[in-house]
Amino acid sequence: MPLRGSPGAADWGRRLAAHLLLLLPLLSCAVRASEITFELPDNAKQCFYEEIAQGTKCTLEFQVITGGHYDVDCRLEDPDGIVLYKEMKKQYDSFTFTASRNGTYKFCFSNEFSTFTHKTVYFDFQVGEDPPLFPSENRVTALTQMESACVSIHEALKSVIDYQTHFRLREAQGRSRAEDLNTRVAYWSIGEAIILLVVSVGQVFLLKSFFSDKRTTTTRVGS
């Protein structure tokens, strides 16, 4: 006698797998975002522009990966030039706002306060919110068990992507710090070796001068 409910469970698994196949393309077109890592030279300023419709929710997140004290100045302006966000010498930060009007929004990263240090900056600018995973997700009736599972998996995958991005940034920053420390230790070791060599040679010549014979010259004065 077959187990009751086993055909339904197998059918549920097949339908869930089909929904997951439909889920993968939706992950790539969820929200319009700009994710860029760029070089910011010393005494330089880099600006980016984004066309945003009124009422759109946006999020700007940035982090300095390499260079100096890992800090930059960040400034965000609306189409009228009104400053929405301004921070000085920040290593990382996140800012969320809702566009008050249509137009081109500008956000700039500045390294003008640095005279010699070159920086590498990462930022993620998200415009808008994720569309519903299913066209009928906002309907009055409740989601089915498969749809709820797909929505949960979708949210979990987005969290995994965010965690992976942050871990990659931390790994890059840690590697940069380690390489910088290794360079400093190498230069310090070379300097110590040169100083030790100079001191050793100086001591050899100094000791040699102590044991060398000093010839005296006598002058006979005739009467």
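Just so you know, these numbers use all the heavy atoms, side chains as well, and skip hydrogens, waters and symmetry mates.
Of the possible donor and acceptor atoms, none in the side chain of Glu61 sits under 3.5 Å from a partner among the backbone N and O of Asp93. Looking only at distances, a side-chain donor or acceptor of Ser209 sits under 3.5 Å from a matching main-chain atom of Leu206. At least one donor-acceptor pair closer than 3.5 Å links the side chain of Asp73 to the backbone N or O of Lys89.
Nearest heavy atom pair, residue Pro41 against residue Asn111, reads O-ND2, 3.2 Å. Residues Gly128 and Thr56 come closest through the heavy atom pair N-CG2, 3.4 Å. The minimum heavy-atom distance between Ala99 and Ala53, with the atom names listed, is CB-O, 3.4 Å.
Looking only at atom types and distance, the side chain of Thr66 has no donor-acceptor partner in the side chain of Ser176 under 3.5 Å away. A side-chain N or O of Thr104 and one of Glu51 form a donor-acceptor pair less than 3.5 Å apart. With hydrogens and angles left out, the side-chain atoms of Tyr122 and Glu35 include a donor and acceptor closer than 3.5 Å.
Listed by first and then second residue, the ring-ring contact (aromatic ring centres under 6.0 Å, His included) pairs that reach into residues 161-180 come to none, sequence neighbours excluded. Contacts classified as side chain to side chain donor-acceptor pair (under 3.5 Å) and involving residues 191-208 (residues at least two apart or in different chains) are given here: Trp188-Glu192. Within the structure, the salt bridge (Lys or Arg N to Asp or Glu O under 4.0 Å) test picks out the following pairs touching residues 108-121 (sequence neighbours left out): Asp71-Lys119.
At a threshold of 4.5 Å between non-hydrogen side-chain atoms, the residues Asp42 and Thr115 do not count as touching. Between Ser159 and Leu157 the shortest side-chain heavy-atom distance does not fall below 4.5 Å. Side-chain contact between Gln164 and Val160 is present, with heavy atoms from C-beta onward closer than 4.5 Å. Using a 4.5 Å cut-off on side-chain heavy atoms (C-beta onward), Thr165 and Arg168 make contact.
Within a 6.0 Å radius of NE2 in His118, other residues, nucleotides and ligands contribute more than 12 heavy atoms.
In this structure, the ring-ring contact (aromatic ring centres under 6.0 Å, His included) partners of Phe109, at least two apart in sequence or on a different chain, are Phe38, Phe62, Phe123. Partners of Glu171 by salt bridge (charged side-chain N to carboxylate O under 4.0 Å, His left out), not counting sequence neighbours, listed by chain and number: Arg175.
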(request) Apply side-chain contact (heavy atoms from CB on, under 4.5 Å) to the pair Ser110 and Val72, showing each step before the final yes or no. (result) CA-CA 6 Å; Ser110 174; Val72 292; over 6 Å; no

(message) Pair Thr120, Glu39 - check side-chain hydrogen bond (donor to acceptor under 3.5 Å, both in side chains), show working.
(response) CA-CA 5 Å; Thr120 302; Glu39 304 290 335; 3.2 Å; yes

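Cluster membership for Val198 and Ile190, using ILVMFWY side-chain heavy atoms within less than 4.5 angstrom, is shared. There is no path of hydrophobic side-chain contacts, each under 4.5 Å, that joins Tyr92 to Leu76. Under the 4.5 Å side-chain contact rule for hydrophobic residues, Val121 and Met88 do not share a cluster. Side-chain heavy atoms closer than 4.5 Å link hydrophobic residues (I, L, V, M, F, W, Y) into clusters, and following such links, possibly through other members, connects Ile36 to Val64. There is no path of hydrophobic side-chain contacts, each under 4.5 Å, that joins Tyr70 to Ile65.
Atom CD in Glu50 sits 15.0 Å away from atom NZ in Lys106 (nearest 0.5 Å). Between the SG atom in Cys150 and the CD atom in Glu155 there is a gap of 12.0 Å [rounded to 0.5 Å]. In this structure, Leu169 CG and Asp124 CG are separated by 9.5 Å, a value rounded to the nearest 0.5 Å. Note that CG of Asn43 is 10.0 Å distant from OG1 of Thr117, once rounded to the nearest 0.5 Å. Between Leu60 atom CG and Cys74 atom SG the span is 5.0 Å, to the nearest 0.5 Å. Rounding to the nearest 0.5 Å places CZ of Phe125 at 9.5 Å from CZ of Phe95.
Using a cut-off of 4.0 Å between Lys/Arg side-chain N and Asp/Glu carboxylate O, Asp80 and Arg101 are scored as salt-bridged. In this structure, Lys158 does not pair ionically with Asp162, as no charged nitrogen and carboxylate oxygen lie closer than 4.0 Å. Using a 4.0 Å cut-off between charged nitrogen and carboxylate oxygen, Glu77 and Arg75 count as a salt-bridge pair.
A ring-centre distance under 6.0 Å is not found for Tyr105 and Phe107.
Under the 4.5 angstrom side-chain criterion for Ile, Leu, Val, Met, Phe, Trp and Tyr, Phe113 has no cluster partners at all.
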